[in-house]
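Below you'll find the structure, written out as structure tokens, and then a few comments.
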Amino acid sequence: MRPHRAPRHLVAEAAGTLVPAHLAAGFHEIARVSTYRWAPPGEPARDRPAKQLLSEPEHDEIWKRFETRFDVTYETADRGIAEPPASATWYLDAVEHPDDPLLAEVEAIVARGLRAGARPGDRLYRLKWYVSGSRIDPTRVGGPGQPRWMSYAYLVDEHVVQVTEDLRMGTFGNWREASLCVFGDELLAHVDEELTDLLDTVLRRGGRPVGNIWSFGP
């Protein structure tokens with residue numbers, strides 16, 4: 001049998017007045033532990049930066065306001081929305097499938113624009129008719145250490161809407177027309193040049209055709 005060996009070390013944790021008492025008893029200080037409290041400036045956020053919406057009342061409420069403001073319903077969506085004066089619509093016929101690199105570039109440009117044009121407290125909704133939606137805070141999603149960006153501007157087989165809660169800026173992806181409408185001065189200021197350079201063909205500005213009209217006959 002192995003001989004019994006007495007322990008060679010004894011570790012104790014102490015705080016306050018217990019520290020000098022332990023030192024007087026023969027203990028030696030080998031480490032210190034510091035406690036920190038993280039208190040970033042500003043008021044703590046009251047909701048999550050990203051949320052999937054199912055049957056929440058806000059989902060239906062934003063839908064109703066969007067349909068009224070932009071004069072569109074599920075039945076009329078193929079014809080597009082009533083594009084406001086501060087809007088531009090690009091042709092996306094070159095996008096053939098969901099994994100198209102061109103679409104990834106478009107989404108990156110739009111996401112950057114939405115983040116840049118966002119105001120503190122903004123809510124951005126992603127909506128599809130008769131399908132669950134989502135809500136994100138554009139200033140708290142998609143950056144380093146933040147939740148992933150879960151919204152998108154265009155689908156190859158379904159209409160999709162992105163819009164801020166106050167309806168001042170957003171996008172409408174019309175897959176029937178193969179077009180993407182971007183509206184709102186703040187958003188256009190950040191994406192107009194990049195999207196035009198990338199996609200070339202601008203179908204409409206402010207809802208009016210831009211040099212893309214063909215006529216036949218005398």
Side-chain angles (χ1 to χ4, degrees), residues 42 45 47 49-50 53 58-59 61-73 76-77 79-93 95 102-129 133-143 146 149-155 159-175 177-213:
D47 54 18
L53 299 177
E58 66 179 298
H59 179 264
E61 191 271 338
I62 191 73
W63 251 133
K64 291 177 182 176
R65 290 198 292 114
F66 179 84
E67 289 184 330
T68 300
R69 166 74 182 279
F70 293 92
D71 191 23
V72 63
T73 64
T76 66
R79 301 197 297 269
I81 63 174
E83 298 173 355
S87 69
T89 301
W90 286 269
Y91 195 38
L92 291 183
D93 185 56
V95 175
L102 177 62
L103 181 56
E105 291 187 64
V106 170
E107 294 289 4
I109 293 170
V110 173
R112 286 197 302 269
L114 288 167
R115 284 173 58 85
R119 302 171 183 173
D122 260 345
R123 291 181 170 189
L124 178 70
Y125 291 84
R126 189 264 298 155
L127 307 168
K128 294 188 291 182
W129 276 278
S134 65
R135 182 195 74 215
I136 63 174
D137 179 341
T139 65
R140 300 163 58 207
V141 172
Q146 296 178 337
W149 187 273
M150 59 188 291
S151 195
Y152 42 83
Y154 185 79
L155 295 171
H159 302 307
V160 62
V161 173
Q162 288 185 121
V163 67
T164 51
E165 187 175 21
D166 57 7
L167 306 183
R168 78 177 189 279
M169 69 175 183
T171 62
F172 174 65
N174 185 339
W175 74 281
E177 187 185 45
S179 67
L180 174 65
C181 176
V182 176
F183 55 88
D185 286 317
E186 292 164 299
L187 181 54
L188 277 175
H190 292 288
V191 306
D192 198 336
E193 184 175 347
E194 282 192 89
L195 287 179
T196 301
D197 289 343
L198 179 66
L199 301 173
D200 188 39
T201 304
V202 181
L203 293 176
R204 294 179 294 276
R205 289 192 179 276
R208 297 180 178 275
V210 182
N212 296 301
I213 301 176

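Both backbone and side-chain heavy atoms feed into the values below; hydrogens, waters and symmetry mates do not.
- No donor-acceptor distance shorter than 3.5 angstrom exists from the side chain of Q162 to the backbone of G173, with no hydrogens or angles considered.
- Under the 3.5 Å distance criterion, the side-chain polar atoms of R204 are left unmatched by any main-chain donor or acceptor of S87.
- Here the side chains of W63 and V161 are in contact, with some heavy-atom distance below 4.5 Å.
- When atom types are taken as modelled, the side chain of R135 and the backbone of Y125 share no donor-acceptor pair closer than 3.5 angstrom.
- When side chains are defined from C-beta on, T196 counts as touching W90, because their heavy atoms get closer than 4.5 Å.
- Put simply, CD on E165 and CZ on R168 are 10.5 Å apart, with the number rounded to the nearest 0.5 Å.
- One distance of note links CG of D93 with OG of S179; it measures 10.5 Å at 0.5 Å rounding.
- For E61, the CD atom is densely surrounded, since the number of other residues' heavy atoms within 6.0 Å is greater than 12.
- The CG atom of D166 sits 6.0 Å away from atom CG of D122, with the distance rounded to the nearest 0.5 Å.
- No hydrogens or angles considered: nothing links the side chains of E67 and T73 as a donor-acceptor pair under 3.5 Å.
- Under the 3.5 Å distance criterion, the side-chain polar atoms of E177 are left unmatched by any main-chain donor or acceptor of R79.
- Under the 4.5 Å side-chain criterion, counting only non-hydrogen atoms from C-beta, V160 is not in contact with T171.
- More than 12 heavy-atom neighbours from other residues, nucleotides or ligands sit within 6.0 angstrom of CZ on R65.
- The two residues V72 and A77 come nearest to each other via the heavy atoms CG2-CA, 3.8 Å.
- When all heavy atoms of L180 and A153 are compared, the pair lying nearest together is CD1-O, 3.6 Å.
- Ring centroids of F183 and F70 are separated by less than 6.0 Å, placing the two rings close together.
- Within 6.0 Å of atom CG in D185, 12 or fewer heavy atoms from other residues, nucleotides or ligands are found, so the atom counts as exposed in its surroundings.
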